Each structure stands twice: as C-alpha cells, then as structure tokens.
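This one's a predicted model, so the numbers in the text were calculated from it and none came from an experiment.
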Amino acid sequence: MSVVEQYARAHIVTDEDVDRLDGDAVPVVLRYDPESDPRAVRIDLPGPHEWTFERELLEQGLRAPAGSGEVRVWPCGRVQAVVEFHSEQGVSVVQFETKAIMRFLRRTYMATEPVGT
C-alpha cells in the first residue's frame, strides 16, 4: 500500500486574519496514508494548519451535510464542496472543487485494494 498525496487549490475563508486573505485560491494538500490509518485522511492548509479525520466523512459530505464537532463537510452547488474546521483559534471554511476531492478519494481506494489474489 502506498501513500496518496494530491495537491489541490481551494478558497479559504476564516475568521482570523481576514485582512490577509486576497480571495485567490491557495494550495492545499490532501493526504492518505493507509499504513498510518486506513480510515483517515489529512488536509494540510497553508501555515501550520493540519487536520486529520475519517475518510468516510469526506465522502459522505459530497452528497449531503456530514459531520459535527471539529470537522464538517457539505456539498455547495453542483461543482463545489465545503470543509469547515473548528478550533480554539476560530473557524476555517475551505471550498474545493468536488472533482478534486472525488479524484483524491478514488486514488485512496485504489491504494488500499489488494493486489492480485
């Protein structure tokens, strides 16, 4: 099994340092390591912001609002999805193209399929 890492561009809306944001898409890293935890995915935002949560939550959130607590995911129209992160520092809302998340999820499942039987 191999690590899946995909770079994506996303729009980040946050309640901290709003004046710093210019509205342009920023690079985000989607990561899956089946050796570490085959059920979890990680999203690395610019700076020291890193979130690990259940892969199933990311998948469910593409179809309907999912999650509670620190991470929530929901579809936003036909071509976008939103991932919302809650921490002591505030809330960050990250908007992705749905196809980028779907491509990433597909790659994670391919990485965990047994090779030859």
Side-chain angles (χ1 to χ4, degrees):
M1 291 186 260
S2 61
V3 172
V4 174
E5 193 167 88
Q6 178 176 311
Y7 294 85
R9 298 201 48 83
H11 292 277
I12 299 176
V13 180
T14 181
D15 59 1
E16 64 181 46
D17 297 329
V18 174
D19 295 333
R20 277 189 315 118
L21 301 175
D22 59 10
D24 289 336
V26 296
V28 175
V29 179
L30 306 169
R31 191 172 196 325
Y32 173 71
D33 184 353
E35 297 292 325
S36 174
D37 184 349
R39 293 184 311 256
V41 294
R42 188 174 88 195
I43 295 181
D44 295 335
L45 304 176
H49 308 289
E50 176 183 298
W51 296 86
T52 302
F53 58 96
E54 295 291 319
R55 176 173 60 172
E56 185 177 340
L57 172 61
L58 188 58
E59 186 174 8
Q60 289 174 351
L62 294 179
R63 294 184 302 273
S68 61
E70 293 183 343
V71 180
R72 299 172 186 161
V73 183
W74 67 88
C76 181
R78 296 184 328 160
V79 297
Q80 296 182 340
V82 171
V83 183
E84 183 178 270
F85 302 103
H86 294 255
S87 71
E88 292 177 7
Q89 291 76 35
V91 177
S92 292
V93 178
V94 184
Q95 189 174 42
F96 290 92
E97 285 190 21
T98 301
K99 65 182 176 183
I101 294 177
M102 290 174 60
R103 183 173 38 252
F104 171 69
L105 287 170
R106 208 170 17 252
R107 291 179 62 209
T108 68
Y109 287 110
M110 288 175 21
T112 56
E113 288 179 359
V115 179
T117 44

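- Taking 4.5 Å as the limit, every side-chain heavy atom of Q60 sits out of range of all side-chain heavy atoms of E54.
- In this structure, the side chain of R107 does not engage the main chain of V4 through any donor-acceptor pair within 3.5 Å.
- We find the OH-CG distance between Y32 and D37 to be 8.0 Å, quoted to the nearest 0.5 Å.
- Between S92 and E84 there is no side-chain heavy-atom pair separated by less than 4.5 Å.
- From E97, atom CD reaches atom CD of Q95 across 9.5 Å, with rounding to the nearest 0.5 Å.
- When all heavy atoms of P75 and L62 are compared, the pair lying nearest together is CB-O, 3.6 Å.
- For the atom pair CZ of R106 and OG1 of T108, the computed distance is 10.0 Å after rounding to the nearest 0.5 Å.
- The two residues S2 and A111 come nearest to each other via the heavy atoms O-CB, 3.7 Å.
- In this structure, F53 and E70 have side chains that are not in contact, with every pair of non-hydrogen atoms separated by 4.5 Å or more.
- Using a 4.5 Å heavy-atom cutoff, the side chains of R55 and L105 are in contact.
- Evaluated for a side-chain contact (heavy atoms from CB on, under 4.5 Å) with I43, the options V28, T52, V94 yield exactly one hit, V28.
- Taking CZ of F104 as the start and CZ of R31 as the end, the distance is 9.5 Å to the nearest 0.5 Å.
- Rounding to the nearest 0.5 Å gives a distance of 12.0 Å between CH2 of W74 and CD of Q80.
- Side-chain contact check for K99 versus V79: every heavy-atom pair is 4.5 Å or farther apart.
- Remark: E5 CD is packed, more than 12 non-hydrogen atoms of other residues, nucleotides or ligands lying under 6.0 Å away.
- A search for ring pair (Phe, Tyr, Trp, His ring centres under 6.0 Å) contacts involving F85 returns W51, not counting sequence neighbours.
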field: Pair V83-V71, side-chain contact (heavy atoms from CB on, under 4.5 Å): steps then yes or no
entry: CA-CA 7 Å; V83 183; V71 180; 4.2 Å; yes
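- C76 and V82 make their closest contact through CB-CG2, 3.8 Å (heavy atoms, listed as atom of the first residue, atom of the second, distance).
- No continuous path of hydrophobic side-chain contacts links V26 to V29 [ILVMFWY only; heavy atoms under 4.5 Å].
- Between P34 and V3, the shortest heavy-atom distance links the atoms CD-CA, 4.3 Å.
- Atom CD1 of I101 is separated from atom CD of Q6 by 9.5 Å, given to the nearest 0.5 angstrom.
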